[in-house]
2 protein chains.
Amino acid sequence: MQKAAIEKNNEAIAAQLAPVGRETVQDRVYSELRRALIGGLFEPSQVLTIRGLADALVTSTMPVREALGRLITEKALEALPNRSVRVPPITLERLDDLLRARILIEGEAIALAAARMGPRQIATIETILAEWDEMRALKHKKDVDREVTLNQSFHFEIYRSCGSAVLIPMIESLWLQSGPCIRVAIYAFSEAGEVDTAQYHRRIVTALSTQDAQAARESLVADISRPFTFLRSKLQANAAKDQT
Amino acid sequence: MQKAAIEKNNEAIAAQLAPVGRETVQDRVYSELRRALIGGLFEPSQVLTIRGLADALVTSTMPVREALGRLITEKALEALPNRSVRVPPITLERLDDLLRARILIEGEAIALAAARMGPRQIATIETILAEWDEMRALKHKKDVDREVTLNQSFHFEIYRSCGSAVLIPMIESLWLQSGPCIRVAIYAFSEAGEVDTAQYHRRIVTALSTQDAQAARESLVADISRPFTFLRSKLQANAAKDQT
DNA sequence: TCAAAGCAAGTGTGATCACAAATCATAATC
DNA sequence: GATTATGATTTGTGATCACACTTGCTTTGA
């Protein structure tokens, strides 16, 4: 009876090997659409068709329709009464609504994270900050995609530290919903001669490294409010112009 | 050219007729599963199969699998690495996590609602309260299903008044996630000689009718915390018993 | 000339089939 | 007699098809 020995051997093997996992086509479609949505690759009010996306992603309609259904339930997309689906349009009310929810939930998440982030996590977000600075140093080529990605990594590295399996998916849903709006804001920033976004992130980092939950929350609120208030004023200006 | 007359006639018809709308099988399956989940008809850790549900609901597998996918993305169900799906098990961490999120978000929603509920809405929730009392009056037959439904109506009538299209779906997701737990708690209440649940609701109503947002929030927190803390202590007792 | 009817292409939804992976029960082996 | 191997059944996944509804365009009739 060498059961114990075999068991131990198996454990040794398990320690060496990473679980391979399986990724369905539907999962890939879903992640791809998510990425596009958060990155703002789709415009607000744009309608999406199952077959069109299936062609673009080179699969059949089946994985696409299931991914679309999932995105609709998280309000990342909108099902019209005609049964067609579109990315939700931007309205003033929706903008305010989203910002309020984000302040509430992401604020809570960062306050929780402030007490739980160790030097390891702090180092990680500092690395992301450094990458950001590096990118800005050679500013001749402004890479909006990379900017969005880094911003996302920075925030979610923090949120992951909050230790709440319930809050994080909600934050993801909020990002999904505000993604299309934010992209518009970022472009507007670019052409309006943007101020230094990184300074907000630096303030967050210093607050977190001193475990100052209150300061972290306030810095975060300032950070995420900026594009919303910017977009808000721009929207109001457009509305006023349309009325004339 | 009788265009104006025709137009007017069409408007008259439209005023009489209600839009019929269309409901897909998938939608019905989804609502049905939602109802079952919130009502706690499924036990925590129970695994669900597509074909099994399709048979139970007398449809094909197609609408069921899409509905399951949607429920998985809102964390109402859990996809195991084996690709089977189950209703998430109860753990202490998850319980605390859910309660914290519910206090945060539902608290905010009721605070917003406090400023926005008119006499009309107040009357509606008072009606629900009256129904509750009436049900308790003939207490020989305790109808847990009806209790759950009334509780849900009471809370969501309030949340609907908060005027946030972003917060409400999040609250629904939270109810979906805590539904299976709550049912366990309600059964436990029943057999432990429950205290009057309605008193918490009465306090909420009085706070709302005086537009006292702070009091409303506190009463709500007390209301939703009760089953969680109860279940929490019960779970800890079980864990201690299992360890011996 | 213009509006309304009719036709055609496109789209979502549900059913069915094929296939691969997982699970379970039975049999074979040490 | 316990453990491993093998086979059958079940299950999820993706593809394809049929049907109904929508949409946009063309044609027809006044």
Side-chain angles (χ1 to χ4, degrees), chain A residues 1-11 13-14 19-33 42 45-73 76-87, chain B residues 1-11 13 17 19-33 42 45-73 76-87:
Chain A
M1 173 86 74
Q2 46 177 345
K3 199 166 86 177
I6 290 174
E7 188 69 19
K8 195 180 168 190
N9 184 32
N10 283 346
E11 275 175 24
I13 292 174
V20 51
R22 231 191 341 160
E23 199 186 29
T24 63
V25 179
Q26 180 191 152
D27 288 336
R28 274 208 297 280
V29 171
Y30 177 69
S31 325
E32 191 60 22
L33 291 180
F42 296 133
S45 300
Q46 181 178 353
V47 316
L48 305 176
T49 65
I50 293 180
R51 284 174 171 93
L53 290 174
D55 288 350
L57 297 166
V58 197
T59 49
S60 82
T61 64
M62 184 60 57
V64 175
R65 61 198 263 194
E66 300 196 334
L68 282 188
R70 289 167 70 183
L71 289 167
I72 288 169
T73 62
L77 294 176
E78 197 178 44
L80 289 107
N82 330 339
R83 304 219 164 282
S84 61
V85 356
R86 69 170 176 189
V87 11
Chain B
M1 173 85 73
Q2 45 178 344
K3 198 167 83 175
I6 291 173
E7 188 68 20
K8 195 178 170 191
N9 184 32
N10 284 346
E11 275 175 25
I13 292 174
L17 263 41
V20 52
R22 230 189 344 162
E23 199 185 29
T24 63
V25 179
Q26 181 191 151
D27 289 336
R28 275 207 296 279
V29 170
Y30 176 69
S31 325
E32 191 60 23
L33 292 180
F42 297 132
S45 298
Q46 181 179 353
V47 316
L48 305 175
T49 66
I50 293 180
R51 284 176 172 92
L53 290 173
D55 288 350
L57 296 166
V58 197
T59 49
S60 81
T61 63
M62 185 59 58
V64 174
R65 59 198 267 195
E66 301 197 333
L68 283 188
R70 290 167 69 182
L71 289 167
I72 288 169
T73 62
L77 294 175
E78 196 178 43
L80 293 134
N82 330 340
R83 304 214 165 287
S84 61
V85 357
R86 70 171 175 188
V87 10

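The sequence lines fix the lettering, A, B, ..., with proteins before strands; numbering per chain opens at 1.
Nearer the 5' end of DNA chain C, as judged by each residue's closest nucleotide, is the contact made by B/Thr24, out of B/Thr24 and B/Ser84.
The base of C/dG12 sits with one of its N or O atoms less than 3.5 Å from a complementary donor or acceptor on the side chain of A/Arg51. Side-chain to base pairing of B/Arg65 with C/dG14: no donor and acceptor N or O lie closer than 3.5 Å to each other.
At the heavy-atom level, A/Gln26 lies under 4.0 Å from the strands shown only through sugar-phosphate atoms. Contacts of A/Thr59 with the nucleic acid, taken as non-hydrogen atoms under 4.0 Å apart, are absent.
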Practice item. Might you work through the side chain to side chain contact (heavy atoms under 4.5 Å, CB included) test for B/Leu77 and B/Phe42, ending with a clear yes or no? Key: CA-CA 11 Å; B/Leu77 294 175; B/Phe42 297 132; 5.7 Å; no

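At D/dT11, none of the side-chain N or O atoms of B/Arg83 fall inside 4.0 Å of OP1 or OP2 (strictly under the cut-off). A close approach under 4.0 Å does not occur between any side-chain nitrogen or oxygen of B/Asn82 and OP1 or OP2 of D/dG12.
When all heavy atoms of B/Ser60 and B/Ala54 are compared, the pair lying nearest together is O-CB, 3.5 Å. Of all heavy-atom pairs between B/Arg51 and B/Thr61, the closest is CG-CG2, 3.8 Å. Pairing each heavy atom of A/Val29 with each of A/Ala67, the nearest pair is CG1-CB, 3.7 Å.
Closest contact between the side chain of A/Pro63 and the listed nucleotides C/dA15, D/dG14, C/dG12 involves D/dG14. The side chain of A/Ser60 lies closest to D/dA15, out of C/dT13, D/dT16, D/dA15.
Atom OH in B/Tyr30 sits roughly 15 Å away from atom P in C/dT13 (whole-Å rounding). We find that CG of B/Leu53 is positioned 17 Å from C1' of C/dG14, with the value rounded to whole Å. If you take CZ of A/Arg86 and P of C/dT11, they are 18 Å apart, rounded to a whole angstrom. With rounding to whole Å, B/Leu68 atom CG is found 14 Å from D/dG14 atom P. One interatomic measurement links the two molecules: CG of A/Leu48 to C1' of C/dT11, which rounds to 13 Å at whole-angstrom precision. Distance CD (B/Glu66) to C1' (D/dT13): 12 Å, rounded to an integer number of Å. Here D/dG12 presents its P atom at 12 Å from CG of B/Leu77, a figure rounded to the nearest Å. Residue A/Met62 contributes atom CE, which lies 11 Å from atom P of C/dG14 at whole-angstrom precision.
By the salt bridge (charged side-chain N to carboxylate O under 4.0 Å, His left out) test, B/Asp27 is found to be paired with B/Arg70, residues two or more places apart in sequence or in another chain being considered.
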